[in-house]
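A short write-up of the structure that comes next.
FYI, side chains are in, hydrogens and waters are out, and symmetry mates aren't considered; it's all heavy atoms of this structure.
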Amino acid sequence: MRSIRAAAAGAVTLSLALAATACGGGSATGGGSNDSPKTLTYWASNQGASIEIDKKVLQPELDKFEKQTGINVKLEVVPWSDLLNRILTATTSGQGPDVLNIGNTWSASLQATGALLPWDAENFGKIGGRDRFVDSALGSTGAEGKDPAAVPLYSMSYALYYNKKLFADAGISKPPATWDELVADGRKLSEDGKWALGMEGSNPSENIHHAFVFAKQHGADFFTADGKADFTNDGTVAAVKQYVDLMAKDKVIAPGNAEYAQNQSVSDFAKGKTAMLLWQSASANLASQGMSEDAYGIAPVPVQSGTPGTGKQVNSMVAGINLAVFKNTDNTDGATKFVKFMTSDAEQKILNKAYSTIPPVKSAQSDAAFATPANAVLKDTLAKSAVALPQVADESQFETAVGTAIKGLFADAAAGRPVTTASVKAALEKAQQQMPAA
């Protein structure tokens with residue numbers, strides 16, 4: 001397992017090697033083949049409470065695909081802490097899977113390497129057409145004006161999960177709608193060894209997702225309109241400080257959360273150690289850890305004031321997982337069949353039910369399973385108050401550099417070191433210096 005700092009170095013290397021030979025399936029050429037028509041390697045991202053749970057969800061479906069096609073799929077579930085670094089390494093080493101999951105925010109960065117199969121009209125035609133997918137999901141599949149680098153698989157948005165009993169015990173009658181309300185409620189909830197809110201301070205991707213939303217709510221962004229990094233503008237600095245201050249100043253997040261990186265905050269919420277959780281489509285994860293749906297409520301992520309919507313009322317990034325094919329796979333036909341299988345109506349219903357996510361395939365969304373109160377909040381957020389992260393070639397470097405900078409600020413907060421506007425700006429300035437030159 002490589003460190004986050006190693007991933008950052010890999011990300012910068014990626015941006016400097018946009019013409020690097022694509023990889024996949026062991027082929028060393030720049031294009032695909034069908035030299036191994038009976039096998040595929042699939043890297044799946046960790047969506048459930050553990051890798052073992054993901055294997056239990058996915059393996060029966062892969063067995064079903066093998067029975068239908070005769071193609072054996074070798075599955076590897078990759079932790080989020082490793083996934084981007086593994087992909088970056090694969091794009092330059094020539095050694096990688098045939099098919100893989102990518103966080104939808106990485107689409108444009110990985111597209112810029114030339115390593116992924118472009119989903120032009122012909123390739124979309126092989127899986128039923130582009131118009132099967134919802135627009136918000138397609139908006140996070142690559143740079144505008146280019147053929148998508150991947151196909152949407154799971155759609156998600158953030159929501160606020162709250163423990164009904166802990167709220168009632170604290171005399172709180174409804175979930176907070178603004179950050180001021182969350183902090184006020186949080187101070188009532190943070191006592192007797194329990195804390196108000198769980199976070200993953202050592203998870204760069206989670207840090208970016210929340211900081212991006214806070215920036216939007218401050219009327220700011222991490223990139224200018226022409227795609228240049230702008231991490232130190234006043235609105236962005238204020239946004240990152242407000243996020244970290246939930247631990248540093250407001251004291252509604254446990255200092256130990258600065259070290260959390262992979263699902264620990266979900267586990268704490270499921271065990272009743274925290275009263276609130278900001279997470280993407282958490283219901284299935286919570287159920288797998290023994291938490292009843294009756295034990296918690298689901299509400300939109302807070303805003304600065306008013307109610308969620310467009311502009312400064314944004315309260316989620318457009319989250320999701322895309323399915324990509326390495327361009328030089330040695331089973332091009334099989335990889336395309338696998339994407340068609342995974343995005344079929346039947347599989348979309350099975351997989352998105354299992355992960356409490358929203359199908360990006362329009363026809364699959366009509367299933368009754370996606371009309372629950374929990375899914376109603378997620379679908380409403382995706383439709384009305386979520387925005388895609390910047391689809392720019394440097395996006396993955398941005399996630400690594402800024403996400404790691406925020407990780408350091410959480411470490412300062414946990415250690416009792418002051419988190420000031422100046423220290424936040426200095427951390428973001430250092431992160432901007434790690435970005436490729438314009």
Side-chain angles (χ1 to χ4, degrees), residues 1-5 7 44-57 77-85 103 156 158-163 165-166 182 186 189-211 213 243-248 250-292 295-296 298 301 317 319 321 355-357 399-400 403-416:
M1 173 176 165
R2 294 173 184 250
S3 69
I4 293 297
R5 294 190 183 277
S45 56
N46 176 204
Q47 296 299 310
S50 70
I51 287 175
E52 289 308 313
I53 287 174
D54 282 317
K55 290 178 180 178
K56 289 179 181 178
V57 169
V77 181
V78 183
W80 276 103
S81 56
D82 291 353
L83 185 59
L84 180 57
N85 190 54
M156 294 173 260
Y158 278 86
L160 176 70
Y161 295 77
Y162 61 97
N163 185 305
K165 183 178 185 304
L166 294 180
L182 184 145
L189 293 159
S190 298
E191 57 184 21
D192 299 328
K194 294 183 172 61
W195 289 83
L197 181 64
M199 281 285 193
E200 306 252 325
S202 196
N203 184 330
S205 292
E206 281 292 304
N207 288 340
I208 282 299
H209 297 169
H210 296 302
V213 169
Y243 173 46
V244 178
D245 270 348
L246 292 170
M247 179 186 292
D250 304 320
K251 310 295 185 184
V252 298
I253 300 175
N257 280 206
E259 299 180 1
Y260 282 10
Q262 186 70 29
N263 277 319
Q264 293 102 314
S265 60
V266 184
S267 297
D268 281 356
F269 183 75
K271 295 170 183 175
K273 294 181 179 180
T274 52
M276 291 179 282
L277 173 71
L278 293 170
W279 203 256
Q280 304 175 42
S281 308
S283 296
N285 196 331
L286 295 171
S288 72
Q289 299 191 58
M291 192 175 195
S292 166
Y296 61 88
I298 302 174
V301 172
M317 42 83 72
I321 304 300
Y355 290 129
S356 66
T357 49
E399 285 200 29
T400 301
T404 303
I406 296 172
K407 173 183 173 181
L409 292 168
F410 271 120
D412 288 341

Inter-residue atom distance Ile51.CD1 - Asn46.CG, 0.5 Å rounding:
5.5 Å
With rounding to the nearest 0.5 Å, note down the distance linking CG in Leu84 to CD in Glu399.
7.0 Å
So, taking the atom named OG1 in Thr400 and the one named CD1 in Ile208, what distance separates them when rounded to the nearest 0.5 Å?
8.5 Å
Can you check side chain to side chain contact (heavy atoms under 4.5 Å, CB included) on Asn163 and Tyr296, steps first, answer last?
CA-CA 5 Å; Asn163 185 305; Tyr296 61 88; 5.6 Å; no
Does a side-chain heavy-atom distance below 4.5 Å link Leu277 with Leu160?
no
Could you check Tyr355 against Asn285 for side chain to side chain donor-acceptor pair (under 3.5 Å), going step by step and ending with a plain yes or no?
CA-CA 7 Å; Tyr355 290 129; Asn285 196 331; over 6 Å; no
Contacts of type side chain to side chain contact (heavy atoms under 4.5 Å, CB included), residue Ala319, not counting sequence neighbours:
Met156, Gln280, Met317
Separation between NE2 (His209) and CG (Asn203), nearest 0.5 Å, reads 8.0 Å
Residues 259-284 vs ring pair (Phe, Tyr, Trp, His ring centres under 6.0 Å), sequence neighbours excluded, gives none
Less than 4.5 Å apart, side chain to side chain, heavy atoms only: is that true for Met276 and Leu189?
yes
Do Ser45 and Trp80 have side chains that get closer than 4.5 Å, going by heavy atoms?
yes
Would a 4.5 Å heavy-atom cut-off, applied to side chains only, mark Ile406 and Tyr243 as touching?
yes
Return the minimal non-hydrogen interatomic distance between Phe410 and Gly201, and the atom names on each side.
CD1-CA, 3.7 Å
Leu182 side chain near Leu246 side chain, heavy-atom distance below 4.5 Å
yes
Any non-hydrogen side-chain atom of Ser190 less than 4.5 Å from a side-chain atom of Leu197?
no
What I'd like to find out is whether the side chain of Tyr158 reaches to under 4.5 Å of the side chain of Ser281, using heavy atoms alone.
no
Side chains of Glu200 and Gln264, heavy atoms from C-beta outward: is any pair under 4.5 Å?
yes
